[in-house]
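Hydrogens, waters and symmetry mates play no part in the numbers below; they use all other heavy atoms, side chains included. Quick caveat: nothing in here was measured; it's all calculated off a predicted structure.
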Amino acid sequence: LEQNSTNLILASMYMDSKQDISNHLEKILTLAKFANKNHIPLIIGSDTNAHHTQWNSKTTDSRDEELLDTLIENDLAWANIGNTPTFLNSCDHHSIIDLTICNNLGLEAIQNWRVRK
């Protein structure tokens, strides 16, 4: 994607909670390595199916820790701000499992991040 004569990698990812998260993390790292090597902003809209207190979920488990560790170890961030749920079902179950994952250049490109109701 090109914006104002600048390249941008914009991706969408669904991380099935029934699958091993390592396969999904490899895909994120492939994109991140390419983006960082080429100095391109990276923004990934992702349904992570991962809860973590770092992004204001109420619980954390080992899958969630693996995602957080991978993001931190590879200088990736999440743009989510606040504690508005990103998931809500008809039984009033809500959580924050959708993350906007980005590299530093991608984070700089994001303005006014929020959950729209």
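- Taking CG of Leu67 as the start and CH2 of Trp78 as the end, the distance is 8.5 Å to the nearest 0.5 Å.
- Residues Ile101 and Ile28 form a side-chain contact, since some pair of their non-hydrogen atoms from C-beta on lies under 4.5 Å apart.
- Residues passing the side-chain hydrogen bond (donor to acceptor under 3.5 Å, both in side chains) test with Thr100, sequence neighbours excluded: Trp113.
- For Asp69, the side-chain hydrogen bond (donor to acceptor under 3.5 Å, both in side chains) test picks out no residue, with sequence neighbours left out.
- Nearest heavy-atom pair, Arg63 versus Asp16, reported as atom, atom and distance to 0.1 Å: NH2-O, 3.5 Å.
- For the atom pair CD1 (Ile9) and CD1 (Ile40), the distance works out to 4.5 Å, reported to the nearest 0.5 Å.
- Taking Glu65 as the reference, His52 meet the side-chain hydrogen bond (donor to acceptor under 3.5 Å, both in side chains) condition, with sequence neighbours excluded.
- Residues passing the side-chain hydrogen bond (donor to acceptor under 3.5 Å, both in side chains) test with Gln19, sequence neighbours excluded: His24.
- Partners of Asn112 according to the side chain to side chain contact (heavy atoms under 4.5 Å, CB included) rule, which considers only residues two or more places apart in sequence or in another chain, are Arg114.
- To the nearest 0.5 Å, atoms CG (Leu99) and CG (Leu76) are separated by 11.5 Å.
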Only distances under 3.5 Å count here; give the side-chain donor-acceptor pairs of residues 104-111 to other protein atoms, sequence neighbours excluded, each with its distance to 0.1 Å.
unit_1: Asn104; atom_1: ND2; unit_2: Asp75; atom_2: OD2; d: 3.1

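- Cluster membership for Tyr14 and Ile21, using ILVMFWY side-chain heavy atoms within less than 4.5 angstrom, is not shared.
- Here CG of Leu10 is found 11.0 Å from SG of Cys102. Values are rounded to the nearest 0.5 Å.
- Atoms CG and CE, from Asp47 and Met15 in turn, are 9.0 Å apart once rounded to the nearest 0.5 Å.
- In this structure, CG in Leu42 is found 6.0 Å from CG in Leu31, a value given to the nearest 0.5 Å.
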